[in-house]
Amino acid sequence: MSRNDAAAEKSPAPRNLPSLLSGLHAQRRSCTVSVTGRPGGTLHVRDGLVVAMETPGAPGAEAILLRSGRLTEEAWTAVRATDSTHEHLARELVAAGLIGAGELEVLCLGAVFDAAFALSLNRPVDWEVGDPVPVLHAGAGVPPERLVAETTRRFGMLEKEPGAIARSTRARVHPTPSAGLPESTARLSPRHLDLLSAVDGRRTPRDLAFSLGRGLFAVLLDLRHLTGLGLVEYAPPPGAAGRPSTAPRTPAAAPAAPATTGLPRRLPRRTGSQPDSPDSPGHLA
């Protein structure tokens, strides 16, 4: 029996993803946690800290850089060509003068928190811990307890139950007749005007986030503001069949997911992967 197998027998299975990440943090592991589900995603861990997350539920750092106009496709392609491993993309972006080190670190950190928020809206199916893979990241990374605290804070700011927030991310957003009146939009900030102009009755908040290159949470906050002004309204989500929105997205987002509670939650009667074993499956809560 290997040392990892022996440790796996003695260590209790983590109840949920925060528990798994806490174990990886304590061991200072570098690995990739692949979460299956809708939307599912990938967590990148370096020395026990989460340095990046990727999920169809929210735009990642690359999508934000490109869709927001901070970076052109040509510049991005050129930088990727200089780093065959893609593990040092952040350093290459800064060295090429395409973005400042501080700005990139803030952008990557925001993308991690936004992905954690998006993953918390849906019940995962399973997870698997594997070897680390290259990913765009900047900064030291985020400890698990900070991820949980920030996700909890974001739910509190939206002042709704996680299930209600999840449903709103799948609902198409429509402009109201007031949105076409100059007196109704005269005092809106450029950020709110950009969002309002992207609301076409076909896009969901997730679609809007990808289209504009903004975080899902930030889009939800601004939509709440526009809703309060009577400029936009939510249509009911897809019917019982759960058919996802067909509005175009860049890049494509995941199909609609069932509403669930947030990240720091237990799943009864389920077993998860061992933090000591890089190939053991488990379940997120």
Side-chain angles (χ1 to χ4, degrees), residues 16-18 21 32-44 50-68 107-128 135-136 142 147-148 150-155 157-158 160-173 195 198 202-224 234 237-238 242-265 283-285:
N16 49 35
L17 184 56
L21 293 177
T32 299
V33 181
S34 300
V35 180
T36 56
R38 293 166 51 182
T42 304
L43 288 70
H44 300 271
V50 180
V51 297
M53 283 193 190
E54 300 163 311
T55 173
E62 177 182 344
I64 292 173
L65 281 170
L66 295 174
R67 297 302 301 167
S68 66
L107 185 148
C108 289
L109 180 63
V112 168
F113 286 137
D114 200 54
F117 169 76
L119 283 172
S120 299
L121 294 171
N122 304 277
R123 182 182 297 276
V125 175
D126 204 355
W127 73 63
E128 183 177 359
V135 66
L136 171 64
V142 185
L147 271 182
V148 173
E150 177 60 21
T151 300
T152 302
R153 186 185 74 86
R154 293 187 177 208
F155 281 125
M157 289 182 66
L158 289 171
K160 290 182 180 179
E161 291 297 320
I165 299 172
R167 287 189 294 274
S168 71
T169 65
R170 305 193 304 273
R172 296 176 181 180
V173 188
L195 178 58
R202 299 179 62 206
R203 292 186 173 109
T204 67
R206 184 183 297 154
D207 299 330
L208 292 166
F210 276 104
S211 177
L212 297 171
R214 297 188 57 199
L216 174 64
F217 174 72
V219 166
L220 287 171
L221 278 181
D222 283 351
L223 285 175
R224 185 179 67 170
Y234 285 88
R243 185 174 61 85
S245 165
T246 56
R249 305 169 188 165
T250 307
T260 62
T261 54
L263 184 67
R265 188 183 69 251
H283 297 275
L284 171 67

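Any value given below was found using the heavy atoms of this structure, including those in side chains, with hydrogens, waters and symmetry copies removed. For this chain, numbers begin at 1 and follow the sequence in order.
- Rounding to the nearest 0.5 Å places CZ of R67 at 12.0 Å from CD of E62.
- The heavy-atom pair separating S120 from T151 by the smallest distance is OG-CG2, 3.3 Å.
- Scanning both residues, L223 and P205, for their nearest heavy atoms gives CD1-CG, 3.7 Å.
- Residues P39 and G57 share a closest heavy-atom pair of CB-N, 3.7 Å.
- L212 is linked by a side-chain contact (heavy atoms from CB on, under 4.5 Å) to L195, A198, R214, counting only residues two or more places apart in sequence or in another chain.
- Considering all non-hydrogen atoms of both residues, A61 and A111 come closest at N-CB, 3.8 Å.
- In this structure, CZ in R203 is found 4.0 Å from OG in S211, a value given to the nearest 0.5 Å.
- Scanning for side-chain hydrogen bond (donor to acceptor under 3.5 Å, both in side chains) contacts around R153 gives E150, with sequence neighbours left out.
- Of all non-hydrogen atoms in E54 and V135, the two that sit nearest each other are OE2-CG2, 3.8 Å.
- Of the candidates L158, T204, L220, V173, L220 is the only one forming a side chain to side chain contact (heavy atoms under 4.5 Å, CB included) with S168.
- A side chain to side chain contact (heavy atoms under 4.5 Å, CB included) with L216 holds for exactly one of L221, L208, T55, L121; it is L121.
- For the residue pair R206 and P56, the shortest heavy atom distance occurs at CD-O, 3.8 Å.
- Using a 30° and 60° split on the angle between ring planes, F155 and F117 fall in the tilted class, from 30° to 60°.
- A search for side-chain hydrogen bond (donor to acceptor under 3.5 Å, both in side chains) contacts involving S68 returns R70, not counting sequence neighbours.
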Would F113 and M53 count as a side chain to side chain contact (heavy atoms under 4.5 Å, CB included) if you check the C-alpha gap in whole Å, the side-chain angles of each, and the deciding distance to 0.1 Å? CA-CA 8 Å; F113 286 137; M53 283 193 190; over 6 Å; no
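- Inter-residue side-chain proximity for V50 and V112 is flagged as met; some heavy-atom pair is nearer than 4.5 Å.
- From T32, atom OG1 reaches atom NE2 of H44 across 5.5 Å, with rounding to the nearest 0.5 Å.
- Between V142 and V51 the shortest side-chain heavy-atom distance does not fall below 4.5 Å.
- Annotation: the span from F217 atom CZ to T169 atom OG1 amounts to 13.5 Å, rounded to 0.5 Å.
- L147 CG to L21 CG: the interatomic distance, rounded to the nearest 0.5 Å, is 7.0 Å.
- Note that the CD1 atom of I64 and the SG atom of C108 stand 8.5 Å from one another [nearest 0.5 Å].
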